[in-house]
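Worth knowing before you read on, the calculation uses all heavy atoms, side chains too, and leaves out hydrogens, waters and symmetry mates.
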Amino acid sequence: MGRVLALPISVAVLLTSCSSTPTDVPSPAYERRPPAPAAASSVNPVVQWNRTLLEIVRTPGMQPVTVHPTRSFAILHAAIYDAVNAIDRTRTPYLVQVRRAPRATSQDAAAAAAAHDVLVALYPSLRARLDEQLQQSLAQVPDGAHKTAGVRIGQTVADRILALRSSDRADAQPTPYVFGGAPGDYQSTPPNFPAQPQFTHWSRVAPFTLERASQFRSGPPPALTGDAYSAAFNEVKSLGIANSTAASADQALTGRFWNGAIQNYWNEIAQTASAAHHLTTAQSAHLFALLNLTLADGVIAFYDAKYTYNFWRPVSAVRLADTDDNPATGADPNWLPEVGKTGADPSYPGAHGVISAAAAAVLTAFFGRGRFDFTVTSEVLPGVERSFRTFADAAHEASLSRIFAGQHFRFDQTAGERLGRAVAAFVVDRFLTLRHGDHDIDDERAVAPR
């Protein structure tokens, strides 16, 4: 095992690969427990820096168009987690283990310093703003040796996480794509007809936890001439068309409500749950790392499947139904989806299904399976909220919304949900697990970019 020295702190980087056969549903990572006492000070720094990154990726022009934002969230929260866990020492590290960190070291200072250094590296044009936020965060921590040590640990861990991800191939140029012309082939979609689909290279980015992008690859979509395809086709054709007369007002609203970057919704849901349960800094670091490592690898996995099967979107399927050799489907050459434009990548499997099922599985494993009443705000419909009783309820609606939006077939979403749950099970069962005993362990399970 390699060791990197940083200031007076010895950092061990753990590079052992891990593998597992996942269960269909993740095993709970925690027993149900009462909320921790609310902190007397300010906003939880983990939540605070998560909000900062959400603001960044929502700002036009800030996120590189060829880099999926889930990578930034995973790097941010991996660094925060390893920095905080170096002090808390209750769980196995993700990638970086800091030895001999005093228990009295400030976890909040470590979290803030790690977050700041990651975001400055990923978004250097925002340094001045991020420097100011760091000072505001550190102002909440009493001055002294414990604060200084926390900052040093955060900086050390951030530097090492960034170095380990620097060769993950996220900076590769997208692979040129040739649209197909046969029935079922993915084609550029009206009304905007993008010249190229997005993230054609993303399946080759090194996973954060998975052994390979194809580890849980979905089986193929149904045949165009089969009953399963016919049923899904006619469902989205009637419910997902713009100004549908078959969809209820609530179904149409649902389709529009979730028509944003779905990982952003689930980070906000995690913020809500963290605040409601009064999570400590260490607990929040664990939650957001578990969530965002899972989502990042879910995206890598679904792009592997999307560009393996290259299946057409509903708008192409409906407009060209007279070519599919299926008498149960009828063409409508003017059909457009409820939300106007179609996502610029193949249909199968559905991204909302993958991300929502994965996120709900992680949150359920973390908090337990009991009822948790919460509201979700829309990224694209300001002021609109929807309420849910469980994480699974929200995930189910988010997945179904893509049918009402005219973006996906039902089988896209079903396959996506299975993929998301498989990734979540793998991560929850294998990473950031409880360690036994208060001592350094040399055989922790963690992975580096391949």
Side-chain angles (χ1 to χ4, degrees), residues 22 24-26 50 54 57 68-70 73-74 216 218 232 236 240 250-251 253-274 287-288 290-303 305-306 339 343 345 347-367 369 371-381 384-428:
D24 288 338
V25 178
N50 180 268
L54 276 173
V57 300
H68 202 279
T70 51
F73 280 94
F216 302 116
S218 308
V236 70
D250 189 65
Q251 288 173 327
L253 176 63
T254 299
R256 296 191 300 272
F257 180 89
W258 294 97
N259 191 44
I262 188 62
Q263 67 273 2
N264 294 352
Y265 290 75
W266 283 101
N267 271 281
E268 288 192 334
I269 291 169
Q271 291 175 14
T272 299
S274 176
L287 170 62
F288 281 91
L290 206 60
L291 175 66
N292 285 291
L293 291 171
T294 300
L295 297 189
D297 276 2
V299 171
I300 292 170
F302 76 60
Y303 274 119
K306 280 180 180 287
V339 295
D345 50 34
S347 196
Y348 181 88
H352 274 52
V354 175
I355 291 177
S356 295
V362 168
L363 292 169
T364 299
F366 189 96
F367 291 107
R369 298 179 180 277
R371 175 172 168 174
F372 173 59
D373 295 309
F374 63 100
T375 60
V376 181
T377 57
S378 174
E379 188 170 70
V380 293
L381 296 178
V384 180
E385 295 183 343
R386 295 185 71 82
S387 299
F388 303 93
R389 294 184 174 184
T390 68
F391 300 120
D393 288 344
H396 180 67
E397 180 177 285
S399 185
L400 279 182
S401 76
R402 305 310 279 165
I403 300 170
F404 308 141
Q407 297 293 295
H408 283 286
F409 304 98
R410 184 176 287 267
F411 54 75
D412 294 341
Q413 300 310 105
T414 302
E417 291 162 14
R418 286 196 299 267
L419 175 56
R421 286 192 293 267
V423 174
F426 183 82
V427 178
V428 168

Would you compute the distance between atom [atom1] of [X] and atom [atom2] of [Y] and round it to the nearest 0.5 angstrom?
{"X": "His396", "Y": "Asp393", "atom1": "NE2", "atom2": "CG", "result": "8.5 Å"}
{"X": "Ile269", "Y": "Asn264", "atom1": "CD1", "atom2": "CG", "result": "11.0 Å"}
{"X": "Asp297", "Y": "Asn292", "atom1": "CG", "atom2": "CG", "result": "11.0 Å"}
{"X": "Phe216", "Y": "Arg421", "atom1": "CZ", "atom2": "CZ", "result": "13.0 Å"}
{"X": "Leu54", "Y": "Tyr265", "atom1": "CG", "atom2": "OH", "result": "12.0 Å"}

Taking the six-membered ring for Trp, are Trp258 and Phe388 parallel (under 30°), tilted (30 to 60°) or perpendicular (over 60°)?
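Because their plane-to-plane angle lies in the 30° to 60° range, the rings of Trp258 and Phe388 count as tilted.
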How are the rings of Phe391 and Phe367 set relative to one another: parallel (under 30°), tilted (30 to 60°) or perpendicular (over 60°)?
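It falls in the tilted class, 30° to 60°.
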Strictly distance-based, threshold 3.5 Å: is any side-chain N or O of Asp412 a donor or acceptor partner for the main-chain N or O of Phe409?
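At least one qualifying donor-acceptor pair exists.
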Check: Gln413 side chain, Ser399 main-chain N or O, donor-acceptor pair, under 3.5 Å:
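Yes.
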Let me see the working for Arg386 and Asp250 under salt bridge (charged side-chain N to carboxylate O under 4.0 Å, His left out), right down to the final yes or no.
CA-CA 11 Å; Arg386 295 185 71 82; Asp250 189 65; 3.1 Å; yes
Smallest separation among heavy atoms of [X] and [Y], with atom names:
{"X": "Ala361", "Y": "Ala424", "value": "CB-CB, 3.7 Å"}
{"X": "Thr272", "Y": "Phe374", "value": "CG2-CB, 4.2 Å"}
{"X": "Pro349", "Y": "Leu419", "value": "CG-CD2, 4.3 Å"}
{"X": "Val236", "Y": "Gly406", "value": "CG2-CA, 4.0 Å"}
{"X": "Leu287", "Y": "Ser274", "value": "CD2-CB, 4.4 Å"}
{"X": "Ser356", "Y": "Ala398", "value": "OG-CB, 3.4 Å"}

Under the side-chain contact (heavy atoms from CB on, under 4.5 Å) criterion, do Phe426 and Val423 qualify, and how do the steps go?
CA-CA 5 Å; Phe426 183 82; Val423 174; 5.8 Å; no
Apply the test side-chain contact (heavy atoms from CB on, under 4.5 Å) to residues Tyr303 and Ile300: give CA-CA distance (whole Å), side-chain angles for both, the deciding distance (0.1 Å), then the verdict.
CA-CA 5 Å; Tyr303 274 119; Ile300 292 170; over 6 Å; no
Is the closest side-chain heavy-atom distance between Val376 and Phe257 below 4.5 Å?
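Yes; the side chains approach each other to less than 4.5 Å.
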Are side-chain heavy atoms of Phe73 and Asn267 found at a separation under 4.5 Å?
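Result yes, sub-4.5 Å side-chain heavy-atom pair found.
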Please check if any side-chain donor atom of Thr70 sits under 3.5 Å from a side-chain acceptor atom of Gln263, or the reverse.
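Judged by distance alone, the side chains do not pair up.
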With distance as the sole criterion, is a donor-acceptor pair present between the side chains of Ser347 and His408 under 3.5 Å?
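Yes.
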Using side-chain contact (heavy atoms from CB on, under 4.5 Å), reason through Ile355 and Trp266 one step at a time and then give a plain yes or no.
CA-CA 8 Å; Ile355 291 177; Trp266 283 101; 4.2 Å; yes
With side chain to side chain contact (heavy atoms under 4.5 Å, CB included) as the test, pick out the partner of Ser401 among Ile262, Thr254, Leu253.
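For Ser401, the side chain to side chain contact (heavy atoms under 4.5 Å, CB included) test succeeds with only one of Ile262, Thr254, Leu253, which is Thr254.
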Checking Arg410 against Leu400 for the side-chain contact (heavy atoms from CB on, under 4.5 Å) test, could you report, in this order, the C-alpha distance in whole Å, the side-chain angles of both residues, the deciding distance, and whether it holds?
CA-CA 8 Å; Arg410 184 176 287 267; Leu400 279 182; 3.5 Å; yes
